Amino acid sequence: MQGIQASEIRELLKVADAPGVISFGGGIPDPTLFPTESMADAMTAILSDPVRGPQALQYSVSEGDPALRAWIAARSTAEGAPCTADNVLITAGAQQGLDFLGRLLIDRGDAILTEWPTYLGALQAFAPNGPRPVELGGGNWMGEGIGDGPAAFAYVVPDFANPTGATMPETARDHLLAVAQTHDFPVIEDNPYGALRFEGIASASLLARDIARCGHVDSSRVMQLGSFSKILSPGLRVGWVIAARSVIDRLVLMKQASDLNAPRLNQLAALALVENGLTAQIDRARDSYGRKRDAMLSALLRHMPPGVSWNRPEGGMFLWLTLPDGTDTTALLPHAIEAGVAYVPGAAFFPNRDVTNCLRLSYSLPAIPEIEEGIARLGRVLGQHHAQNDHHQADG
Ligand code: PMP
């Protein structure tokens with residue numbers, strides 16, 4: 001437990017739920033997009049079915065529901081990463097995949113290569129195993145970044161990263177795989193957001209590229225995590241790992257030891273929904289988040305003081321703001337909350353917490369008028385902070 005840091009941000013963001021505060025904090029899907037009615041219908045149909053009803057309420061195999069695994073394998077195959085149900089383990093969200101892979105692959109003190117910043121939840125999942133995070137690729141993914149010894153693995157979120165919303169360029173994908181090949185380390189590709197692209201053209205995943213290189217998923221060094229959390233519902237807790245069969249065999253043992261099996265009812269309901277047309281559901285989410293991203297970009301242009309910059313994510317739920325050097329977004333957060341707006345300070349996503357002038361904004365949850373108002377409030381807080389800093393400089 002010594003490796004796990006208490007999160008002061010978690011405490012601060014609890015206040016962000018207070019009435020009147022517009023929160024760009026959590027990476028939380030918009031509940032108006034949940035397929036609540038079709039889920040209710042699917043669950044009722046499953047429970048009323050003489051075969052599936054008892055199955056849904058019984059213990060089941062640790063690998064996960066065979067039909068759901070076959071569906072996930074078929075989707076992966078259609079997206080250029082051919083595999084079979086034997087290459088798929090159903091997990092309690094992608095998060096459980098991170099936990100298992102951390103335990104499987106990290107020996108205390110091992111280097112793990114991560115983007116810088118990276119997903120805080122991954123750092124938390126890996127932490128109990130005592131890894132030593134090393135920056136992958138010096139900010140542009142292209143350096144080798146393997147430090148002074150072998151690495152347990154590289155961990156990346158190539159499509160619409162959390163926290164930055166960035167997409168990993170194709171050249172960087174190939175470069176990472178080449179480096180991984182040379183130094184013989186596995187690559188964890190975490191992909192909960194990939195389906196939520198609202199502009200640009202999708203790049204082949206690391207898994208697809210590696211299978212094309214080595215010829216078969218069972219020889220691939222990439223382990224890909226997926227999830228229904230951002231496309232159906234995070235409350236279902238249904239995610240998956242796609243990997244070589246030798247890896248899946250080990251993960252199945254971990255799954256069995258950990259929680260025996262993912263809830264079958266949730267797996268069957270997810271399967272019923274996706275068989276009934278996942279495309280329409282994804283299109284709705286893409287359209288909604290795309291419009292919210294546009295609203296946030298346009299509000300930022302109008303309300304941010306000089307010296308603040310941000311990116312234009314092509315998908316996902318997040319946008320990354322960089323403030324002038326010397327700004328401390330952790331220290332600013334209480335002022336922002338007082339002004340009625342919340343965000344996550346960027347330092348939380350850097351393994352050594354040394355970058356203080358960035359922050360993450362999530363546009364998935366608030367409605368468009370709230371996005372406009374929240375960014376206006378944030379602009380005022382940052383503007384005042386600038387003014388105060390200028391004043392201090394004039395004093396000194
Ligand atoms: N990976 C990343 C990059 C995420 O942003 C999240 C959710 N915030 C997860 C994994 C975990 O997702 P799940 O709900 O599937 O466990």
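Whatever order the structure lists them in is the order used to number ligands and atoms, beginning at 1. Just so you know, these numbers come straight off a predicted model, no measurement behind them.
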Query raised in the report: Under 3.5 Å, is there a donor-acceptor pair linking the side chains of His303 and Glu372?
Result: yes

Query - Mutual orientation of the aromatic rings belonging to Tyr193 and Phe318 [parallel < 30°, tilted 30-60°, perpendicular > 60°] - result: perpendicular

Requested in this report: Consider ligand 1: state whether an atom of it lies below 4.0 angstrom from any non-hydrogen atom of Tyr193.
Outcome: yes

Report task. Have a look at Met317, Arg237, Lys230 and point out the one with the heavy atom closest to atom 16 (O) of ligand 1. Result -> Arg237

Query raised in the report: atom 9 (C) of ligand 1: which protein heavy atom is closest, and how many Å away?
Result: Tyr119 OH, 3.4 Å

**Report entry** Side-chain donor-acceptor contact under 3.5 Å, Tyr155 with Asp190
**Finding:** yes

**Report entry** Exam field: side chain Ser23 to backbone Ala342, donor-acceptor pair closer than 3.5 Å
**Finding:** no

Query raised in the report: Which protein non-hydrogen atom lies closest to atom 3 (C) of ligand 1, naming both residue and atom, and how far is it?
Result: Asp190 OD2, 3.3 Å

Query raised in the report: Quick one: which ligand 1 atoms are inside 4.0 Å of a heavy atom on Pro192?
Result: 1 (N), 2 (C), 3 (C), 4 (C)

Query raised in the report: Any idea which protein heavy atom is nearest atom 15 (O) of ligand 1, and the distance to it?
Result: Ser227 OG, 2.5 Å

Query raised in the report: Would you call the rings of Trp320 and Phe350 parallel, tilted or perpendicular, where under 30° means parallel and over 60° means perpendicular?
Result: tilted

Report task. Please identify which atoms of ligand 1 are closer than 4.0 Å to at least one heavy atom of Gly93. Result -> 13 (P), 15 (O), 16 (O)

Query raised in the report: So which protein heavy atom does atom 14 (O) of ligand 1 come closest to, and at what separation?
Result: Ser229 OG, 2.6 Å

Query raised in the report: Are Asp110 and Arg132 ion-paired here, with the side-chain N under 4.0 Å from a carboxylate O?
Result: no

Query raised in the report: Is the gap between the ring centers of Trp116 and Phe349 under 6.0 Å?
Result: no

Query raised in the report: Between Ala94 and ligand 1, is there a nitrogen or oxygen pair with a distance under 3.5 Å?
Result: yes

